[in-house]
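To start, the structure itself, in structure tokens.
Throughout, numbering of the chain's residues begins at 1 and tracks the sequence.
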Amino acid sequence: MVKTDIESFKEFVHKHPELIREVQKNKRPWKEVYQDWIVLGEEHESWNQYAKEKTEDKAKDKKQEERSHTQNARTDLTVGDIVAGLSKLQITDVQKYLSQFGSLMDAVQELLQQFNNQSDRSNQLPENRMNDYPSYKD
């Protein structure tokens with residue numbers, strides 16, 4: 001059976017319980033965490049602070065490694081992160097979202113046309129409605 005993105009994300013979150021606490025404290029919404037996970041991937045260094053397995057030695061070693069790597073290739077990491085995120089995009093998902101957006105825009109356009117038609121009708125009403133009623137004179 002093939003794992004879905006949601007199932008993989010759930011597994012990832014269970015390995016990073018600090019993320020759950022952060023969301024529960026209303027510091028970040030789940031949508032933002034999920035989007036970051038899609039773009040950055042599971043192995044990105046930013047997730048280390050949320051992981052279950054935190055030993056001081058591992059943390060110190062990783063921080064030293066990150067510092068040296070960041071100092072040597074700061075721009076490469078940023079470009080690499082973007083490329084990694086783009087490579088994980090599902091073309092079918094993008095097409096689906098664009099299609100939904102197009103449908104939404106069609107519905108909005110139709111609604112605006114209905115409002116426009118109603119305002120045109122109201123402008124066509126006779127200016128003086130008193131002429132529609134018979135007048136009585138004493």
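With sequence neighbours left out, Gln35 forms a side chain to side chain donor-acceptor pair (under 3.5 Å) with no residue at all. Applying the side chain to side chain contact (heavy atoms under 4.5 Å, CB included) test to Asn116 and every residue at least two apart in sequence or in another chain returns Ser119, Asp120. For His44, the side chain to side chain donor-acceptor pair (under 3.5 Å) partners are Ser46, Asp81, not counting sequence neighbours. Every side chain to side chain contact (heavy atoms under 4.5 Å, CB included) that Leu111 has, sequence neighbours left out, goes to Gln114, Phe115. Residues satisfying the side chain to side chain contact (heavy atoms under 4.5 Å, CB included) criterion with Val39, sequence neighbours excluded, are absent altogether. By the side chain to side chain contact (heavy atoms under 4.5 Å, CB included) test, Ile6 is found to be paired with Thr4, Lys10, Tyr34, residues two or more places apart in sequence or in another chain being considered.
Sorted by first then second residue, the salt bridge (charged side-chain N to carboxylate O under 4.0 Å, His left out) pairs that include residues 28-41, not counting sequence neighbours, are Glu22-Arg28, Arg28-Glu32, Arg28-Asp36. The side-chain hydrogen bond (donor to acceptor under 3.5 Å, both in side chains) analysis of residues 94-108, with sequence neighbours excluded, yields no pairs.
When all heavy atoms of Gln49 and Glu18 are compared, the pair lying nearest together is O-CG, 4.0 Å. Residues Pro17 and Ala51 come closest through the heavy atom pair CD-C, 4.3 Å.
Here the straight-line distance linking atom CZ of Arg21 with atom NZ of Lys27 works out to 11.5 Å at 0.5 Å rounding.
In this structure a side-chain-to-backbone donor-acceptor pair under 3.5 Å is missing from Trp47 to Trp37.
For the pair Gln109/Met105, no side-chain contact is recorded, criterion being any heavy-atom separation below 4.5 Å from C-beta on. Side-chain atoms of Leu19 and Val23, non-hydrogen and from C-beta on, never get closer than 4.5 Å to each other. Between Ile20 and Trp30 the shortest side-chain heavy-atom distance falls below 4.5 Å.
Counting heavy atoms of neighbouring residues, nucleotides and ligands inside a 6.0 Å radius, atom CD of Gln113 exceeds 12 of them.
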Apply side chain to side chain contact (heavy atoms under 4.5 Å, CB included) to residues Val13 and Tyr50 and explain how you reach the verdict. CA-CA 9 Å; Val13 168; Tyr50 304 107; over 6 Å; no
